[in-house]
Amino acid sequence: MGKASQPIESFYHKVYENLDAFHEEAQELQREESGGDPVDDEKLERTEFALQLAKDVLENFVDDGKSMTINYDKRSVTIEVPKR
């Protein structure tokens, strides 16, 4: 795979950095706010998981006809990309 053009590379890093900042904020909120309202705890856990997953998917490319499983402490996600 070739190197991305500068505008695309810049955009990629901007997206990743924003996801990373939101992920860190979610983790901080979990440390500070967990154990309160169960509905809030669940929303925060889902948000933190979604942000981590988004970062992992952005970092790892899956070729056509392949699959990738990402394992976490409490769950795993498998991504399958069909052949074109």
Side-chain angles (χ1 to χ4, degrees):
M1 185 183 337
K3 180 142 173 71
S5 67
Q6 186 56 39
I8 301 301
E9 190 71 20
S10 231
F11 179 68
Y12 172 91
H13 287 290
K14 182 178 176 180
V15 168
Y16 185 86
E17 288 168 8
N18 280 300
L19 286 170
D20 193 44
F22 282 132
H23 185 236
E24 287 178 18
E25 186 177 347
Q27 288 177 318
E28 183 64 29
L29 278 170
Q30 279 184 313
R31 286 189 287 276
E32 294 172 359
E33 304 290 332
S34 72
D37 180 13
V39 172
D40 287 345
D41 289 349
E42 181 185 336
K43 281 184 180 178
L44 198 48
E45 183 178 341
R46 283 188 285 134
T47 302
E48 188 273 333
F49 175 70
L51 290 165
Q52 179 63 54
L53 179 61
K55 286 179 9 181
D56 290 341
V57 168
L58 194 59
E59 289 177 329
N60 298 285
F61 181 75
V62 181
D63 286 328
D64 290 350
K66 304 283 183 169
S67 68
M68 170 178 67
T69 300
I70 305 170
N71 294 306
Y72 300 98
D73 290 339
K74 296 179 182 179
R75 48 185 67 97
S76 68
V77 174
T78 299
I79 298 169
E80 296 179 8
V81 180
K83 285 188 176 184
R84 291 184 187 201

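FYI, the numbering just counts along the sequence from 1.
Following chains of ILVMFWY side-chain contacts shorter than 4.5 Å, one can reach Phe11 starting from Leu58, so the two form part of one hydrophobic cluster. Under a hydrophobic clustering in which Ile, Leu, Val, Met, Phe, Trp and Tyr are joined whenever their side-chain heavy atoms come within less than 4.5 Å, directly or via other members, Phe22 and Tyr16 fall into the same cluster.
Here CG of Asp73 is found 11.0 Å from CZ of Phe49. Values are rounded to the nearest 0.5 Å. Between Glu45 atom CD and Arg75 atom CZ the span is 5.0 Å, to the nearest 0.5 Å. Rounding to the nearest 0.5 angstrom, the gap separating the CD atom in Gln27 from the OG1 atom in Thr47 is 12.5 Å.
Across all their heavy atoms, Leu19 and Lys55 have their closest contact at CB-CG, 3.8 Å. Glu59 approaches Tyr12 most closely through the heavy-atom pair CA-OH, 3.8 Å. Between Glu80 and Ser67 the shortest heavy-atom distance is CG-CB, 3.6 Å. Summarising the geometry of Met68 relative to Asn60, their closest heavy-atom pair is SD-CB, 3.5 Å, with the distance given to 0.1 Å. In this structure, Tyr72 and Asp56 approach most closely via the heavy-atom pair OH-OD2, 2.5 Å. Annotation for Asp63 and Val81: closest pair O-CB, 3.7 Å, computed over non-hydrogen atoms.
Remark: Arg31 engages Glu28 in a salt bridge, criterion side-chain N to carboxylate O under 4.0 Å.
Side chains of Lys14 and Ser10 form no contact here, defined as non-hydrogen atoms less than 4.5 Å apart.
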